[in-house]
Amino acid sequence: MPDLVIETYELTKVFQGIGQRIVAVNEVSIKVPSGVVFGLLGPNGAGKSTLLSMLIGLTLPTKGGGKVLGYDIVKESLEIRKRVGILPERIGFYEHLTPVRNLTLIGKLNGLSGKELEDRIKHVLRMVGLSEHMHKNVGAFSRGMRQRLGLACALLKDPDLLLLDEPTAGIDPEGVKVFRGLVRDLSREGRTIVISTHLLRELGPLCTHIAIMKEGRILVQGAVKEIFEDFLLKRGFTYDISLSEVADQGIVEEIKELGNVVDVQLKGRDLIVRSKVDLGDELYDMLTKRGYRLRKFTMRKPTLEDVFLYYSRGEGTNEVG
Ligand SMILES: Nc1ncnc2c1ncn2[C@@H]1O[C@H](COP(=O)(O)OP(=O)(O)OP(=O)(O)O)[C@@H](O)[C@H]1O
Ligand SMILES: [Mg+2]
């Protein structure tokens, strides 16, 4: 497998309507390394589904191009669709058939048959927690059950790369937990998983890499760890400190003398210090040397929402890592 399982360059999609022109995907160059869990994160209308659809050749780019598993997304999309497990945004099933029958048809289209296909179907239905329902008609399925069946379809050909568009849409919290476990297992097996979502809190923790997308553009992309480090360097560090006794105002000046301090707030025993660089050790040493006993000393950890808001407001630069 290539080191980069997905690579696009200036991939663009313009939808031309009557009297309007929508740039759904705007010069997107993404890189997805092999073996990562990649979150394509963005609000409704950001262009996530259009981007995924271009990667598998279901939507033709207006400009730019790309490769998936080394295959050209325009000229070799058939090869891509053969190899990639896809959960599209809207998935249709034969309503009057059971999940097993639906999966059998899809499996046959993908060149599977006989005992191998039977075993595989049982396995994927178990993976997504649908074993109990395997003899019901899909017409009687709830939205969450359909979504799980969609996932089972994506897993059927045992793919090395999965593209999952809003995989937890309509799935209940228990199902989301199962899904997260499933993604972790699949990732541990060395597969690459791309998840598009706007549910930062629900699926963000799964991702080792992310791209933040808004209005057709990628605002930042890279390894989550590096994006957070970069965010901290740009936004600064915040410490929440609680002393065991009330401090006098002099301490504010002393902290400022450490240098690179943006702001110090003192309220009784509580201090909030904001700095441009990581001052944790120096601040801790200084306070303890002055004889203060510390009831609390923590650095605020930014969340994915903080990072998302920062970049989507246009405060960050383009690329990290
Ligand atoms: N077939 C189409 N014809 C015209 N405009 C389209 C078409 N498909 C998508 N769009 C427009 O392109 C933009 C991006 O849509 P897209 O569905 O890719 O966003 P998304 O990030 O997947 O959103 P969501 O989170 O709601 O699924 C939107 O403005 C949408 O209205
Ligand atoms: Mg979408």
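In each ligand, atom 1 is the first atom listed, and ligand 1 is the first ligand listed.
- Both cation-pi conditions hold for K13 and F15: the charged atom is under 6.0 angstrom from the six-membered ring centre and inside a 45 degree cone around its axis.
- Within 4.0 Å of ligand 1, protein heavy atoms come from F15, I22, A24, P43, N44, G45, A46, G47, K48, S49, T50, E89, E166.
- Note: Y239 and F297 have tilted aromatic rings, judged against thresholds of 30 and 60 degrees for the angle between ring planes.
- Between F231 and Y310, the ring-plane angle classifies as perpendicular under the 30° and 60° cut-offs.
- Under the 4.5 Å side-chain contact rule for hydrophobic residues, L4 and V68 do not share a cluster.
- By the criterion of side-chain heavy atoms lying less than 4.5 angstrom apart, applied directly or through intervening Ile, Leu, Val, Met, Phe, Trp or Tyr residues, L233 is not grouped with V262; the two fall into different hydrophobic clusters.
- Minimum-distance N/O/S atom of E89 relative to the Mg ion (ligand 2): OE2.
- Checking E202 against T197 by side-chain atom types alone, no donor-acceptor pair falls below 3.5 Å.
- For the pair D240 and R300, the salt-bridge criterion is met [side-chain N within less than 4.0 Å of a carboxylate O].
- Among the atoms of S49, an N, O or S atom is found under 2.8 Å from the Mg ion (ligand 2).
- Not a single N/O/S atom of E166, whether from backbone or side chain, sits less than 2.8 Å from the Mg ion (ligand 2).
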